[in-house]
Amino acid sequence: MLRFAPSPTGDMNIEDLRIALFNYIIAKQKNENFIVRIEDTNKEKNIEGEDQRILGLLELFGLEYSQVVYQTQNFRFHSAMALDLLHNKKAFNCFCSDEYLEKKQKEAQEEQKTYRYDDACMNLPPELVIDNEHPFRVRIKRPTSPIVFKDYIRGEVNFSIEDMESFTILNMDKTPTQNFASAVDDMLNDISIIVRKEEYIEDTPKQIHIRNELNYQKEIVYAHLPAIKNAKDFTIKTLLEDGFLPAAISNYLVLLGNETPQEIFTLSEAIDWFNIEKIAPSSIEFDLEKLKKINQEHLKMLDNKELSRYVGFADASIGALAKVYLQDIATTKELRSKIEPIFAKKTIPQELQKEVKLLKETINQATHFEEFEDFKNYLLKKTAIEEKKLLESLSILLTGFKDEKNIQEVYKHLKNYLGEIIK
RNA sequence: GGCCCCUUCGUCUAGCGGUUAGGAUCCAUGGUUUUCAUCCAUGUUACAGGAGUUCGAGUCUCCUAGGGGUCACCA
């Protein structure tokens, strides 16, 4: 089982989506289930409705999940596991005050040493624990042997016992720490491979230690993805609003930091050859220009009717028209800004008013011309406007832009709508 | 500051002891196109720096610099 574990605390960005994408692809390759676990343990930071927005985006990108679980719903399991550890003397109550811990941390900092909890409460005599009225947290005893795990990107990762401390698993209010909850949930959900952000790598030995102490046998293999440096500048929501196709965004996110057989591909193609071990271990930069290029290619691959839907129509000939513009335009938003003016009321510049008016009348009385050349010649003859001016006027009348270069191509797709456009 | 990871054209990458250091994108130029774009061709641009190992180093080792991550009762 693979999982995507977002916290509903902010807009999903490209880094989050990349994680989801990779987990999904691997699940497909291994023929395992892909689930979503909403990590909603922080009540203050949770954003109302964000979970549904995340789920909606996953669906939009075609990342089908078999199940959604909410971490807070597993609290009773987390508590039971913590209790189990306590009974087996693998965890202990810690009565240290925040002030005491902060002081210790500060001291360590001044000495330029790494702070680690000093295990002050680890071996408290029972009577001090049982009758103690002070608030306490629960800590798991630190591991006594090094923890090694396999990471598809980093290779074998090793944490020595000096790197680890007895860390908190239950907060003072007896809610589980996120680390503990995740470790337990991954066990409960029978997770086999975890692709996640690099920032979790220091948590990994802790989570493995928790499962070891709970006598969980299954080995989980990891892939800690290096950061996309400018990820925070790009939320999925804004990329979508800016006219990027989900298929193109997915394409680019799989391409980034990777070596792929082609540059342009679909998600199902990626499933055939994707190899997480090829992802480079160095942090990378997201390049909007490259995404644009890829988006353009995906737009070209769309069939005409589908393409027309992205610009607000459901008509193959509008799609064909859009493809004319696609030669130098990369997003559906830009495409819209070209297509919409065609059917909108045009503002005619002062110097062309006369010509446009004359053109309008002439066209209204004209018969249908199949070829632009014939159409143009007819108008030239009928109106006696000089060619350059005529083309400008015609261009603004049809497209809303005076300097439309591709007027001939545009006409081809527009000729059946002439009446509607110029009225 | 401690610990971990990383460093090849602006960007994303190939390279795995002997290459004119390759590709993609961007940029520039030329051709095509009545014009722009497409398309085609051509071109500029990279091994972070230093020391070592070796007949030979982008590739192995060490040092320096730079980047990323982490050190929470955040996820």
Side-chain angles (χ1 to χ4, degrees), chain A residues 5-10 16 37-46 71 94 96-98 101-102 105 108-117 135-139 151 153-155 157-160 162-165 167-182 196-205 224-231 252-260 262-264 278-294 296-297 300 323-330 373 376 387-388 391 395 401 403-409:
Chain A
S7 43
T9 53
D16 303 322
R37 180 169 75 224
I38 305 287
E39 304 213 325
D40 55 347
T41 51
N42 188 326
K43 291 229 158 54
E44 280 140 44
K45 286 195 184 170
N46 282 352
Q71 192 154 56
C94 169
C96 295
S97 66
D98 289 345
L101 296 173
E102 274 165 30
Q105 265 177 53
Q109 201 174 13
E110 274 160 18
E111 288 173 48
Q112 300 209 336
K113 287 205 305 227
T114 308
Y115 165 75
R116 297 241 154 66
Y117 176 62
F136 64 93
R137 72 200 87 213
V138 177
R139 310 181 92 112
D151 188 298
I153 291 166
R154 303 280 202 108
V157 181
N158 213 308
F159 282 84
S160 68
E162 298 82 56
D163 292 332
M164 291 172 288
E165 63 175 350
F167 57 93
T168 310
I169 57 172
L170 246 40
N171 297 321
M172 278 189 172
D173 63 3
K174 302 302 162 297
T175 57
T177 58
Q178 200 274 333
N179 222 334
F180 183 64
S182 288
R196 50 166 25 163
K197 291 187 197 177
E198 183 185 31
E199 57 186 289
Y200 294 91
I201 198 159
E202 318 279 329
D203 287 340
T204 303
H224 288 94
L225 288 190
I228 298 176
K229 292 186 200 177
N230 50 352
Y252 183 55
L253 289 178
V254 171
L255 188 72
L256 199 57
N258 201 356
E259 185 207 342
T260 61
Q262 313 103 32
E263 182 151 76
I264 305 297
K278 289 220 168 156
I279 301 295
S282 45
S283 50
I284 44 174
E285 210 141 329
F286 184 88
D287 183 9
L288 197 63
E289 291 304 313
K290 185 92 176 185
L291 209 215
K292 277 189 182 168
K293 187 77 194 169
I294 289 170
Q296 197 173 28
E297 295 304 318
K300 284 180 190 167
K323 280 199 179 154
V324 174
Y325 288 113
L326 261 188
Q327 289 174 356
D328 63 331
I329 268 184
E373 277 302 303
K376 188 180 85 178
E387 180 161 0
K388 184 164 173 285
L391 284 177
S395 163
F401 296 96
D403 51 355
E404 180 50 57
K405 322 270 182 4
N406 247 326
I407 186 74
Q408 189 173 344
E409 278 290 302

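We find the CD-CG distance between A:Glu39 and A:Asn46 to be 11.0 Å, quoted to the nearest 0.5 Å. Here CD1 of A:Ile228 is found 11.5 Å from CD of A:Glu198. Values are rounded to the nearest 0.5 Å.
An OP1 or OP2 oxygen of B:rA72 is reached within less than 4.0 angstrom by a side-chain nitrogen or oxygen of A:Gln105.
A donor-acceptor contact closer than 3.5 angstrom is absent between the side chains of A:Asn258 and A:Thr260. There is a side-chain donor-acceptor pair under 3.5 Å between A:Asn179 and A:Asp203. Residues A:Thr204 and A:Arg196 have side chains that bring a donor and an acceptor to within less than 3.5 angstrom of each other.
Across all strands shown, A:Thr41 has heavy atoms under 4.0 Å from sugar-phosphate atoms exclusively, and none from any base. Within the 4.0 angstrom heavy-atom criterion, only backbone atoms of the sugar-phosphate kind lie near A:Lys229; the bases stay farther away. Looking at heavy-atom distances under 4.0 Å, A:Tyr200 makes contact with a base. A:Ala5 comes within contact range of no nucleotide atom at all, as no heavy-atom separation falls under 4.0 Å. Across all strands shown, A:Glu162 has no heavy atoms under 4.0 Å from either base or sugar-phosphate atoms. Base contact: A:Lys290 has a heavy atom under 4.0 Å from a base atom. Counting non-hydrogen atoms under 4.0 angstrom, A:Asp328 reaches the backbone sugars and phosphates but no base. Contacts of A:Glu289 with the nucleic acid, taken as non-hydrogen atoms under 4.0 Å apart, are absent. Using a 4.0 Å heavy-atom distance criterion, A:Glu387 is classed as making no nucleic acid contact.
Taking the side chain of A:Ser282 as heavy atoms from C-beta on, and the options B:rU70, B:rG67, B:rC6, the nearest nucleotide is B:rC6. Minimum atom distance to the side chain of A:Leu256 is reached by B:rC12, of the listed B:rC4, B:rC12, B:rC73. Closest to the side chain of A:Gln327, out of B:rU13, B:rU38, B:rA75, is B:rU38. For A:Thr114, the side-chain atoms get nearest to B:rG2 when compared with the rest of B:rG2, B:rG10, B:rC73. Between B:rU25, B:rA75, B:rC12, one nucleotide has an atom nearer to the side chain of A:Glu263 than all others, and that is B:rU25. Of all nucleotides listed (B:rG67, B:rC74, B:rA37), B:rC74 comes nearest to the side chain of A:Lys45. Relative to the side chain of A:Glu202, the nucleotides B:rG69, B:rA75, B:rU11 differ in distance, and B:rG69 lies closest. When distances are taken from the side chain of A:Thr168 to each of B:rG68, B:rA37, B:rC73, the shortest belongs to B:rC73.
B:rG56: no Watson-Crick or G-U partner with both key distances under 3.5 Å is found in any strand. B:rG1 and B:rC71 make up a base pair, with Watson-Crick or G-U wobble contacts both under 3.5 Å. Across every strand in view, B:rG30 sits in a pair with B:rC40 that passes the Watson-Crick or G-U test at under 3.5 angstrom.
Taking only distance into account, the side chain of A:Asp203 meets the base of B:rA75 through a donor-acceptor pair shorter than 3.5 Å. One can find a donor-acceptor pair under 3.5 Å joining the base of B:rC73 and the side-chain atoms of A:Asp98.
For B:rC73 and B:rG69, the C1' atoms lie 22 Å apart once the distance is rounded to whole Å.
The nearest whole Å value for the distance from the CG atom in A:Leu255 to the P atom in B:rU13 is 9 Å.
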